[in-house]
**Q** 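Please see the structure below; I have some questions.
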Amino acid sequence: MKFSNYFIPTLKEAPSEAEIASHKLLLRAAMIRKEAAGVYSFLPLGKRVLAKVEQIVREEMDRIGSQEILLSILQPSSLWEKSGRWQAYGPEMMRLSDRSDREFALGPTHEEMITELVRNNVRSYRDLPFTLYQIGTKFRDEIRPRFGLMRGREFIMKDAYSFHADTDSLNKTYKDMSGAYGKIVERCGLKYRHVEADSGLIGGEVSEEFMVLASSGEDMIIFCGACGYAANIEQAKEGDNCPRCSGSTETTRGIEIGHIFQLGTKYSEAMGATYIDKGGKSLPIVMGCYGIGVTRLMAAAVEQNNDEKGIIWPRNLSPFVVSIIQLDMESKELTKMADKVYELLSKAGIETIYDDRQERPGVKFADSDLIGFPYQVVIGKKAASQGKVELKTRANQKVELVNLDELIKHIS
RNA sequence: CGGGAUGUAGCGCAGCUUGGUCAGCGCGCAGCGUUCGGGACGCUGAGGUCGGCGGUUCGAAUCCGCCCAUCCCGACCA
């Protein structure tokens, strides 16, 4: 991919409306643009990052046997009246009417819809258990949208729902999910903690949050160095000692990017989603639900990985792994070498963007640093005269001279 | 929704107190020239309903009122 052909309108200065690092940098690095408060569009680079996150989520969901679906965003009010949440959800739900004055919500979540789907299609214990997930846009008319992607009114979420005949089965899936969530955050290259949590309005008995550690996080996490216990500050109360082993605790800040719940039968009872058990008895289906804020995860990754120059993408999330910086576009030899390097990397399956713009070196360095590609391959006459290129690692700005035939090895 | 603040060119800002060459500056953008290893320099040029509506006044970016938008702090949430 050539930089000159790509739509990457980077900004030298951050728009004044942006306050925190991820918001400023995602704007400056041409990843996102604001459309309204809490509503953002994704530009090509941002879309690539999103796709990376989604793919990791997808693979880990599939790995534990969860099946991908796509529920409609437009949801008829009748479903919400059934669960009682048409009233209860309040102004946070975006509502609209069609031409015949039928009312709809732009889905803030999909418990009602999925429960209805399952209610209509599951009869027997033999049909259970199973887990469904989707990755899609949610709408919540937040009281106060904030910090760019961190708290939007339109955002992308992965939501999964599991259906069981009994709580043992739910427990197993819940555990699988917890494991999958850990893997997802790890594969995204982020430091995190999972904590006991309050299940809030969604309801249910057990719940756990996944927090990406970042000093700008909205949530305080309290954790015990001794036994590993960790909890949201509200859960842990004000105590200085671990409620489990009474060791001393520390606090840190985090961004909640995932939350998993054991719902039990709250929605299935409200909506009449039942199955027939072995004895022929009709029972409410036992449910779990599991969310990941995909767009928020993207912002959290930037919060955790940036410096004065810009973003430092974890490799697995970066829109491209390598940017080739050709320092003198007038030079035929250097261009030839850059073409060669591009081909080499592409053939090796390394996503590469080639900065072929007619710009001064400083501009190219600055943009690459800002956007945050993990590696820069700098092609200049000094190294080229020895048949080498410079490999710069974004995270520490370290540069090493490498031969072309060793380049792949250094990046892999 | 309560508290605070902002809205002037694509982005960052000055001008407002003391109405009248106040429509400006930096960056970016276009053209030409010189440059070319960390966001170059010179010249030329394009670009603005001063958030909107109404009012005061001979005259409003500037004063007054209402509205809208955006941001920050608080109560809710992935």
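Chain A is the first sequence line, chain B the second, and so forth, proteins listed ahead of strands; every chain is numbered from 1.
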**Q** Backbone N or O of A:Q326 within a donor-acceptor pair of the A:K364 side chain at under 3.5 Å?
**A**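 Pair found, side chain donor or acceptor close to backbone of A:Q326.
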
**Q** Would you measure the distance from the P atom in B:rG19 across to the matching atom in B:rC25 and give it in whole Å?
**A**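 Approximately 24 Å lies between the P atom of B:rG19 and that of B:rC25.
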
**Q** Could you check which nucleotide pairs with B:rA69 in any of the strands shown, counting Watson-Crick or G-U wobble with both distances under 3.5 Å?
**A**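 Partner of B:rA69: B:rU6.
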
**Q** Are B:rG39 and A:F365 stacked, with the base six-membered ring and the side-chain ring centres under 5.5 Å apart and planes under 30°?
**A**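 No, the aromatic ring of A:F365 does not stack with the base.
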
**Q** Is A:K12 near enough to B:rG39 that one of its side-chain N or O atoms lies under 4.0 angstrom from OP1 or OP2?
**A**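 So the side chain of A:K12 is outside the cut-off, no N or O lying under 4.0 Å from OP1 or OP2 of B:rG39.
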
**Q** Taking donor-acceptor contacts at under 3.5 Å, does the side chain of A:R140 reach the base of B:rC77?
**A**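 There is none.
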
**Q** Within the 4.0 Å heavy-atom criterion, would you say A:D369 contacts the bases, only the backbone, or no part of the nucleic acid?
**A**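 Base contact.
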
**Q** Select base, sugar-phosphate, or nothing to describe what A:G152 touches, counting heavy atoms under 4.0 Å on all strands.
**A**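 The residue A:G152 makes base contact.
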
**Q** Nearest whole Å is fine: how far is B:rC77 P from A:M150 CE?
**A**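 Going from A:M150 (CE) to B:rC77 (P), I get 18 Å.
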
**Q** Can you check whether A:L74 reaches A:L106 side chain to side chain, under 4.5 Å on heavy atoms?
**A**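 Sidechains of A:L106 and A:L74: in contact.
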
**Q** State whether A:W86 and A:R95 meet the cation-pi test: NZ (Lys) or CZ (Arg) under 6.0 Å from the six-membered ring centroid, and within 45° of the perpendicular axis.
**A**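 Judged by the rule (NZ or CZ under 6.0 Å from the ring centre, within 45° of its axis), A:R95 counts as positioned above A:W86.
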
**Q** Applying a 4.0 Å non-hydrogen cut-off, can you work out what A:E390 is touching in the nucleic acid: base, sugar-phosphate, or nothing?
**A**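 Counting heavy atoms under 4.0 Å across all strands, the contact made by A:E390 includes a base.
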
**Q** Which part of the nucleic acid, if any, lies within reach of A:F147 when heavy atoms closer than 4.0 Å are counted: base, sugar-phosphate only, or nothing?
**A**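 A:F147: backbone/sugar contact only, no base atoms under 4.0 Å.
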
**Q** Starting at CZ of A:R144 and ending at C1' of B:rU70, how long is that distance when rounded to a whole Å?
**A**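 Result: 12 Å.
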
**Q** When rounded to the nearest Å, what value does the distance between P atoms of B:rC1 and B:rA14 take?
**A**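 B:rC1 and B:rA14 have their P atoms separated by 29 Å.
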
**Q** For the C1' atoms, the ones on B:rG39 and on B:rC27, what distance do you get once it is rounded to whole angstrom?
**A**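 Approximately 10 Å lies between the C1' atom of B:rG39 and that of B:rC27.
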
**Q** Could you work out the separation of B:rG65 and B:rA60 based on their C1' atoms and round it to a whole Å?
**A**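 It works out to 15 Å between them.
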
**Q** Which nucleotides of nucleotides 43-53 of chain B have their base under 4.0 Å from a protein heavy atom (B), which only their sugar-phosphate (S), and which neither (-), written as one string 5' to 3'?
**A** -----------

**Q** Just call it for A:E142: base, sugar-phosphate, or nothing, with non-hydrogen atoms closer than 4.0 Å on any strand.
**A**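 Touches a base.
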
**Q** Could you give the distance separating B:rC50 and B:rA61 at their C1' atoms, to the nearest angstrom?
**A**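 Their C1' atoms lie roughly 5 Å apart.
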
**Q** Roughly how far apart, to the nearest Å, are B:rG12 and B:rG7 at atom C1'?
**A**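 One C1' to the other, the span is 14 Å.
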
**Q** Pick base, sugar-phosphate or nothing for A:K34, based on heavy-atom distances below 4.0 Å to the nucleic acid.
**A**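 Sugar-phosphate, no base atom in range.
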
**Q** Considering only atom P, compute the distance from B:rA5 to B:rU49 and round it to an integer number of Å.
**A**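 Their P atoms lie roughly 29 Å apart.
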
**Q** Should the pair A:R85-A:E111 be classified as a salt bridge under the 4.0 Å nitrogen-to-oxygen rule?
**A**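 A:E111 and A:R85: salt-bridged.
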
**Q** Pick base, sugar-phosphate or nothing for A:R28, based on heavy-atom distances below 4.0 Å to the nucleic acid.
**A**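 Touches a base.
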
**Q** Taking any heavy-atom pair under 4.0 Å as a contact, classify A:I257: base, sugar-phosphate, or nothing.
**A**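 It contacts sugar-phosphate atoms only.
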
**Q** Under a 4.0 Å threshold between the charged nitrogen and the carboxylate oxygen, would A:R146 count as salt-bridged to A:E218?
**A**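 Yes, charged N to carboxylate O under 4.0 Å.
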
**Q** Report, as a single string ordered 5' to 3', how protein heavy atoms within less than 4.0 Å touch nucleotides 9-15 of chain B: B base, S sugar-phosphate only, - not at all.
**A** --BSS--

**Q** Contact class for A:K382 (heavy atom, under 4.0 Å): base, sugar-phosphate, or nothing?
**A**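 Base, at least one base heavy atom under 4.0 Å.
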
**Q** Think A:R146 has a side-chain N or O under 4.0 angstrom from the OP1 or OP2 of B:rC73?
**A**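 Yes, A:R146 has a side-chain N/O under 4.0 Å of OP1/OP2 on B:rC73.
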
**Q** Is any side-chain N or O of A:R360 closer than 4.0 Å to OP1 or OP2 of B:rA40?
**A**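 For B:rA40, OP1/OP2 do have a side-chain N/O of A:R360 under 4.0 Å.
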
**Q** Measure the acute angle between the ring planes of A:Y290 and A:Y174, then classify it against the limits of 30° and 60° as parallel, tilted or perpendicular.
**A**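 Aromatic pair A:Y290/A:Y174 classed tilted.
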
**Q** With rounding to the closest Å, how many angstrom separate the C1' atoms on B:rA23 and B:rC16?
**A**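 B:rA23 and B:rC16 have their C1' atoms separated by 13 Å.
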
**Q** Can you check the A:E154 CD to B:rA78 P distance for me, whole Å?
**A**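 Whole-Å distance recorded here is 18 Å.
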
**Q** Does anything in residues 37-60 of chain A pair up under salt bridge (Lys or Arg N to Asp or Glu O under 4.0 Å), and if so which pairs, sequence neighbours excluded?
**A**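 For residues 37-60 of chain A, and leaving out neighbouring residues, the salt bridge (Lys or Arg N to Asp or Glu O under 4.0 Å) pairs sorted by first residue read A:R48-A:E351, A:K52-A:E351, A:R58-A:E68, A:E59-A:R187, A:E60-A:R63, A:E60-A:R187.
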
**Q** Is it the case that A:R153 places NZ or CZ above or below the six-membered ring of A:F139, under 6.0 angstrom from the centre and within 45 degrees of the axis?
**A**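 The answer is no, since A:R153 fails at least one limit relative to A:F139.
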
**Q** Can a salt bridge be assigned to the pair A:R140 and A:E92 using a cut-off of 4.0 Å between side-chain N and carboxylate O?
**A**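 No salt bridge links A:R140 with A:E92.
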
